Amino acid sequence: MIRLYRRTAAPSTRPRQPSGVLLAARRERQRRRRRCRDGGACGPLGAALKAAENAQPRIRAYIVVSLLSGARTEEVRALQWSHVVAYDEKTQAWRSVVEIGWNHKEFALYVWRSVRKKGETKTPKSRRSLALPKRCVDALKDLKEAQNDDRELVFPTQTGSRMTAHNIRRDFKKVLDSAKLTGRDWAPRELRHSFVSLLSDHDIPIEDISRLVGHSNTVVTETVYRQQIRPVIQEGATAMDRIFPVADDA
């Protein structure tokens, strides 16, 4: 019985060699992780952002908002102008830019909807309000002026309907091609991955990143973006280096 067990069990305990497909997928994931982590002004992200600044107002604003806010593509496509708000110092309240214009200091984005069924966000905690960087404000302002109408959607098609994932991929590819980045190798969702990478590389706490991207907890963030998140538990090593310095530091 023991001999039979060993013969039958041994094959299942041996590590399986990954197939060619799995190896290719693994290499592609590694390549994308390296690409997403390169956030320097001279890197791919800098080139993409620069190309976006010279693109049509709609795709420019889409790329800038997606990269600098970390919103999901399904959330950005559902964005409405009533959810682009500014802080009105006179009334001490946040109001839509459609109502009070752009002559204000603070702006925010209400990420309260998505293109999912019934317009719901992925999870209840995905509903969040995000302060907008100035580059996002400038891009959205230019887009609103270019539209010059009363449409509710921030990113509609030419007919006024909601943009599809295909619409976004097509326009996104054109911008990246113009930046010599081979657009077919990129996906719009990588803007969100890059957002996480950039914040992590600049020592933003995992708790803050989790809230910004609309995750229910940090476990989700660490699981989904484990390749983008830098090691965040560094306090112990820092303290021990200080308590027990090596000879060169003593």
Side-chain angles (χ1 to χ4, degrees), residues 29 32-33 35-37 39 45 48-49 52 58-59 61-87 94-97 106-137 139-140 143 152-156 162-165 167-169 172 186-233:
R29 287 195 299 270
R32 292 194 177 201
R33 288 198 296 269
R35 184 173 63 194
C36 286
R37 295 194 70 87
L45 287 180
L49 201 57
R58 183 182 64 181
I59 191 60
Y62 177 91
I63 292 175
V64 170
V65 170
S66 297
L67 176 60
L68 303 188
S69 76
R72 299 177 177 90
T73 182
E74 65 196 51
E75 296 166 340
V76 178
R77 285 190 282 128
L79 186 62
Q80 300 178 355
W81 282 115
S82 58
H83 288 171
V84 180
V85 297
Y87 186 72
W94 291 93
R95 299 173 58 190
S96 168
V97 293
E106 297 180 72
F107 296 83
L109 201 64
Y110 291 162
V111 184
W112 293 354
R113 298 178 59 83
S114 77
V115 297
R116 290 171 175 264
K117 187 177 181 180
K118 297 182 181 179
E120 298 175 350
T121 53
K122 190 172 184 179
T123 68
K125 285 197 174 182
S126 291
R127 286 175 58 92
R128 59 206 188 278
S129 301
L130 303 172
L132 283 176
K134 187 178 186 305
R135 192 183 290 265
C136 288
V137 176
L140 289 170
L143 175 60
E152 178 63 12
L153 287 172
V154 175
F155 300 105
R162 181 179 293 163
M163 293 187 75
T164 65
N167 296 145
I168 292 296
R169 285 195 298 270
F172 186 55
W186 290 68
R189 66 176 178 274
E190 292 184 66
L191 295 170
R192 177 172 162 89
H193 284 250
S194 298
F195 173 82
V196 173
S197 293
L198 290 171
L199 293 186
S200 180
D201 285 345
H202 285 77
D203 300 321
I204 303 301
I206 184 66
E207 293 81 6
D208 292 344
I209 296 177
S210 181
R211 287 192 295 270
L212 286 168
V213 297
H215 285 161
S216 56
N217 53 58
T218 58
V219 174
V220 176
T221 309
E222 291 172 326
T223 301
V224 177
Y225 296 103
R226 60 185 179 276
Q227 304 298 345
Q228 280 76 37
I229 297 294
R230 294 178 60 193
V232 295
I233 306 177

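All values reported here derive from a predicted model rather than from experimental measurement.
Of all the heavy atoms in Leu140 and Leu132, the pair that sits closest is CD1-CD1, 3.9 Å. In terms of heavy atoms, Ala78 sits closest to Leu153 at O-CD2, 4.3 Å. The heavy-atom pair separating Ser69 from Leu130 by the smallest distance is O-CD1, 3.7 Å. Closest approach of Leu79 to Phe155, counting heavy atoms only: CD2-CE1, 4.2 Å. Closest heavy-atom contact between Leu67 and Leu191: CD1-O, 3.7 Å.
To the nearest 0.5 angstrom, Glu75 atom CD is 4.0 Å from Arg128 atom CZ. Interatomic distance, CZ of Arg189 versus CD1 of Ile168, reported as 14.0 Å (0.5 Å rounding). Rounded to the nearest 0.5 angstrom, Arg162 CZ and Arg77 CZ are separated by 8.0 Å.
In this structure, the salt bridge (Lys or Arg N to Asp or Glu O under 4.0 Å) partners of Arg95, at least two apart in sequence or on a different chain, are Asp88, Glu99. Glu152 meets the side chain to side chain donor-acceptor pair (under 3.5 Å) test with Ser82; sequence neighbours excluded. In terms of the side chain to side chain donor-acceptor pair (under 3.5 Å) criterion, Arg169 has no residue partners (sequence neighbours excluded). Partners of Ala86 by side chain to side chain contact (heavy atoms under 4.5 Å, CB included), not counting sequence neighbours, listed by chain and number: Val97, Ile100, His104, Phe107. Residues meeting the side chain to side chain contact (heavy atoms under 4.5 Å, CB included) test with Val85, sequence neighbours left out: Trp94, Ala108, Tyr110. With sequence neighbours left out, Thr164 forms a side chain to side chain donor-acceptor pair (under 3.5 Å) with Asn167.
Counting heavy atoms from C-beta on, the side chains of Tyr62 and Val154 never come closer than 4.5 Å. Residues Leu109 and His83 form no side-chain contact, since every pair of their non-hydrogen atoms from C-beta on lies 4.5 Å or further apart.
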Check the pair Ile209 / Phe195 against side chain to side chain contact (heavy atoms under 4.5 Å, CB included), numbers first and verdict last.
CA-CA 9 Å; Ile209 296 177; Phe195 173 82; 5.5 Å; no
